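Note that the structure is a prediction, hence the values are computed from the model and not measured. Order of appearance sets the numbers: ligands from 1, and atoms from 1 within every ligand.
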Amino acid sequence: MRDPGLIELAPSILSADFAHLGEQVQQAAEGGATVVHVDIMDGHFVPNLTIGPPVVKSLRKATDLPLDCHLMIENADDFIPAFAEAGANWISVHQEACIHLDRTLHHIRDHGALAGVVINPATPVAMLSEVLDIVDYVLVMSVNPGFGAQKFLPNSLHKMRQLAEIRTRRGLSFRIEVDGGVPLDTVAEIVRAGAEILVAGNAVFGKGDPKTNAEKLLKAATEATLQKV
Ligand code: DX5
Ligand code: ZN
């Protein structure tokens with residue numbers, strides 16, 4: 001899965017206009033977005049309620065881009081088959097919500113999706129030591145999950161550096177995704193810390209044209225990658 005140096009933008013549709021979801025995603029894709037981030041919230045694991053498999057199914061018909069479903073739900077095992085069937089290509093679950101995380105990650109893979117594990121701001125990277133060799137990507141939350149347009153929490157930067165260091169030391173291949181409050185003026189620092197997949201909701205769909213917003217974010221991120229070398 002991993003292509004070192006590849007930076008991808010994954011707009012989060014949570015901040016998009018749901019009445020025009022297909023067009024909004026298309027505009028972001030024209031701006032260079034290559035993944036669509038889909039926030040699934042159950043009103044229990046997080047204090048908000050969003051969407052389920054039916055919306056993923058509709059989105060599947062509106063774009064060929066990979067659908068990156070971020071499950072902020074308590075009983076992920078029960079819903080993984082339905083999301084995979086609806087067209088999810090990547091499925092991530094929270095370490096804090098999965099008692100049998102190893103089984104859940106294999107369950108995702110058994111349904112043909114890439115498996116990701118997510119950690120909240122208060123959860124240390126050390127909690128993932130036993131699953132880093134079975135995941136395709138690690139999602140570092142840079143806000144407390146549940147809402148878009150929150151402020152980026154800088155303590156997530158050292159987690160990305162830690163993950164990049166562990167990956168090299170253990171010869172692993174997971175990718176590093178960051179999610180929450182990723183603004184244009186900090187994206188370079190985030191990429192230099194090791195993030196390769198950048199989730200952005202408000203920065204893409206908040207105001208202005210999603211195409212132009214996506215282009216600006218990707219330009220800043222790619223330039224930071226060149227500086228890193
Ligand atoms: C928050 C979600 C994020 C959020 C990102 O719980 O997981 O994906 O939608 O949106 P911004 O970039 O606006 O913080
Ligand atoms: Zn998310």
When you look at Asp77 and Arg103, which way does the salt bridge (Lys or Arg N to Asp or Glu O under 4.0 Å) test go after all the steps? CA-CA 9 Å; Asp77 289 351; Arg103 180 188 292 147; 5.4 Å; no
- Message: Taking the basic N atoms (NZ, or NE/NH1/NH2) and the acidic carboxylate oxygens, is any pair closer than 4.0 Å for Glu85 and Lys57?
- Response: no
Check this for me: does any side-chain nitrogen of one of Glu196 and Arg167 sit under 4.0 Å from a carboxylate oxygen of the other? yes
**OP:** State whether Glu223 and Lys219 are salt-bridged, where the test is any N-O pair (Lys NZ or Arg NE/NH1/NH2 against Asp/Glu carboxylate O) under 4.0 Å.
**Re:** yes
The Zn ion (ligand 2) has as its nearest N, O or S atom from Asp179 the atom OD2
The ring-ring contact (aromatic ring centres under 6.0 Å, His included) partners of His37 (sequence neighbours excluded) come to His70
The atom of Asp39 among N, O or S that is nearest the Zn ion (ligand 2) is OD1
Check this for me, if you would: do Glu165 and Arg161 make a salt bridge, where the nitrogen-to-carboxylate-oxygen distance has to be below 4.0 angstrom? no
Are there any protein N or O atoms under 3.5 Å from the N or O atoms of ligand 1? List them with distances, or say none.
residue, atom, partner, partner atom, Å
ligand 1, 6 (O), Gly146, N, 2.8
ligand 1, 7 (O), Asp39, OD1, 2.9
ligand 1, 7 (O), His70, ND1, 3.2
ligand 1, 7 (O), Asp179, OD2, 2.9
ligand 1, 8 (O), His37, NE2, 3.3
ligand 1, 8 (O), Asp39, OD1, 3.0
ligand 1, 8 (O), Asp39, OD2, 2.8
ligand 1, 8 (O), Asp179, OD1, 2.7
ligand 1, 8 (O), Asp179, OD2, 3.0
ligand 1, 9 (O), Ser12, OG, 2.9
ligand 1, 9 (O), Asp39, OD2, 2.9
ligand 1, 12 (O), Gly201, N, 2.8
ligand 1, 13 (O), Ala149, N, 2.8
ligand 1, 13 (O), Asn202, N, 2.9
ligand 1, 14 (O), Gly181, N, 2.7

For NE2 in His37 and ND1 in His70, the angle at the Zn ion (ligand 2) (nearest 10°) is 100°
task = Would you mind reporting whether Asp17 and Phe205 have side-chain heavy atoms less than 4.5 Å apart?
result = no
